[in-house]
Amino acid sequence: MKIAIIGAGNLGLAIAKGILHSNGATTMYLTKRNIKSIQEFEKYGNVTVTSDNQEAVKNSDILIFAVQPGHFASILQETKDLLTEKHVVISTITGFKIPRIEEIIGSDKYIIRSMPNTAISVGKSMTCICSNELGKKRVDLAKAIFNRMGHTMEIPEDQMQAATVICASGIAFWMRLIRATTQGAIQLGFDAKEAQELAMHTCNGAASLLIESGSHPEEEIDRVTTPKGCTIEGLNEMEHQGLSSSLIRGIVSSFEKISEIRKG
Ligand SMILES: NC(=O)C1=CN([C@@H]2O[C@H](COP(=O)(O)OP(=O)(O)OC[C@H]3O[C@@H](n4cnc5c(N)ncnc54)[C@H](O)[C@@H]3O)[C@@H](O)[C@H]2O)C=CC1
Ligand SMILES: O=C(O)[C@@H]1CCC=N1
């Protein structure tokens, strides 16, 4: 598989690390305007680092675009004449809908929209995927690429904005919850390193319980909450302070912001 990552920034590099980690490419191009900070990736023999997007496109089959939304249209313009039937265009760009991509490069191209998250660097991304009409023929290929680096779900394009909040921004939301738990543990007497270890492994355990048992979170909560015990005391106080409500409101605000980004 010849993969190019156009825009090797936060997400692009996370994808590159995930691909390297899973031996997912025969060759990989990483592009960025100023390549100094990513030069070290050339230590992997099959990786080429360049600021020349056209060179990357010509020498690759799978093109993963991970630039800021405001840069995407001009980069598509710059590369569209090089696209052939071998290319699969995979966009990770927030709020940039498939019809807009088709307007620039044509509907006769394989176009996939994907929404991974930065946990892709350690093979644990939740990645949502949709495609244009022709791209349906390459959805299985896209899933195969992203399944090597976590979990995928095919969704209709009109759910992509919501998936961006839950899965991509979601990494930051969960980090803040882990951080707050860590702060609580420090207040109760653990040192900072131990506190974070306790918080992150407990978080991992909670997610793993649901993934492996298929149960509903409340079923697992019922198993932990001893009547008149400390867990229900803590949970109810958190809810009095608006825990679930503040998470839901944050998710909705984040969703609404994407509509603004799209208009801008
Ligand atoms: N950071 C995240 O967790 C996620 C980001 N996204 C989306 O991915 C895209 C990238 O986000 P980030 O990685 O956070 O941004 P970033 O700003 O860290 O990375 C963008 C990269 O593109 C490079 N770039 C700019 N112009 C270029 C050009 N003409 N040719 C080649 N490279 C160029 C920049 O130098 C930068 O390294 C955005 O559209 C964002 O909405 C989607 C899911 C998760
Ligand atoms: O914050 C943002 O706008 C981007 C999209 C999802 C994650 N980062």
Side-chain angles (χ1 to χ4, degrees), residues 3-19 28-41 47-60 63-80 82 89-98 100-101 104 111-130 142 145-146 149-153 155 157 159-176 250-264:
I3 299 181
I5 298 176
I6 309 293
N10 287 310
L11 181 65
L13 283 185
I15 298 172
K17 286 176 191 163
I19 289 171
M28 182 160 61
Y29 272 80
L30 298 181
T31 82
K32 197 171 187 267
R33 271 185 302 201
N34 179 353
I35 57 172
K36 206 165 154 233
S37 65
I38 58 167
Q39 205 80 61
E40 63 187 285
F41 278 82
V47 176
T48 306
V49 167
T50 177
S51 54
D52 186 342
N53 291 328
Q54 295 191 339
E55 179 197 348
V57 169
K58 273 188 233 158
N59 292 311
S60 307
L63 311 175
I64 301 179
F65 289 86
V67 292
Q68 291 291 345
H71 295 146
F72 190 33
S74 62
I75 293 171
L76 285 176
Q77 286 289 357
E78 170 198 336
T79 50
K80 68 174 183 183
L82 301 169
V89 170
I90 302 184
S91 163
T92 66
I93 318 298
T94 299
F96 209 107
K97 292 188 172 179
I98 287 173
R100 256 182 96 192
I101 303 175
I104 302 171
I111 301 173
I112 306 281
R113 247 186 101 186
S114 68
M115 191 45 65
N117 62 42
T118 50
I120 201 162
S121 64
V122 291
K124 297 268 187 206
S125 177
M126 176 65 239
T127 303
C128 289
I129 289 176
C130 63
I145 293 170
F146 287 106
M149 301 179 280
H151 195 79
T152 57
M153 188 185 287
I155 59 171
E157 186 171 28
Q159 288 185 333
M160 220 52 187
Q161 183 165 337
T164 304
V165 174
I166 304 301
C167 305
S169 307
I171 290 288
F173 303 156
W174 287 108
M175 289 297 169
R176 190 53 68 79
I251 284 168
V252 173
S253 295
S254 183
F255 178 86
E256 286 164 357
K257 179 69 185 177
I258 297 177
S259 307
E260 262 180 55
I261 295 172
R262 215 173 43 226
K263 284 183 205 136

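This chain uses plain numbering: 1 for the first residue, then up along the sequence. Note that ligands are numbered from 1 as they come in the structure, with each ligand's atoms numbered from 1 the same way.
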Is N10 close to ligand 1, meaning an N/O of one under 3.5 Å from an N/O of the other?
yes
May I ask you to check whether N53 has an N/O atom sitting below 3.5 Å from an N/O atom of ligand 1?
yes
Could you check whether atom 2 (C) of ligand 2 has a protein contact, counting only heavy atoms that fall below 4.0 angstrom?
no
So, do I3 and S60 sit near enough that their side-chain heavy atoms are less than 4.5 Å apart?
no
A student checking ligand 2 against T94 at a 4.0 Å heavy-atom cut-off should list atoms 5 (C)
Heavy-atom contact check, 4.0 Å cutoff: does T92 meet ligand 1?
yes
Identify, with sequence neighbours excluded, every residue that meets salt bridge (Lys or Arg N to Asp or Glu O under 4.0 Å) alongside K257.
E260
Among protein heavy atoms, which lies nearest atom 36 (C) of ligand 1, and at what distance?
G9 CA, 4.0 Å
Below 3.5 Å, can you tabulate the donor-acceptor pairs from side chains in residues 32-41 to any protein atom, sequence neighbours excluded?
unit_1	atom_1	unit_2	atom_2	d
K32	NZ	S37	OG	3.3
N34	OD1	K36	N	3.2

Would you say ligand 1 has an N or O under 3.5 Å from any N or O of L11?
yes
Close N or O approach (V67, ligand 1; < 3.5 Å)
yes
Ligand 1 contacted by S51 (non-hydrogen, < 4.0 Å):
no
T31 side chain to S51 backbone, donor-acceptor under 3.5 Å:
no
Should the pair E157-K97 be classified as a salt bridge under the 4.0 Å nitrogen-to-oxygen rule?
no
Would you check whether T94 has a nitrogen or oxygen atom less than 3.5 angstrom from a nitrogen or oxygen atom of ligand 1?
yes
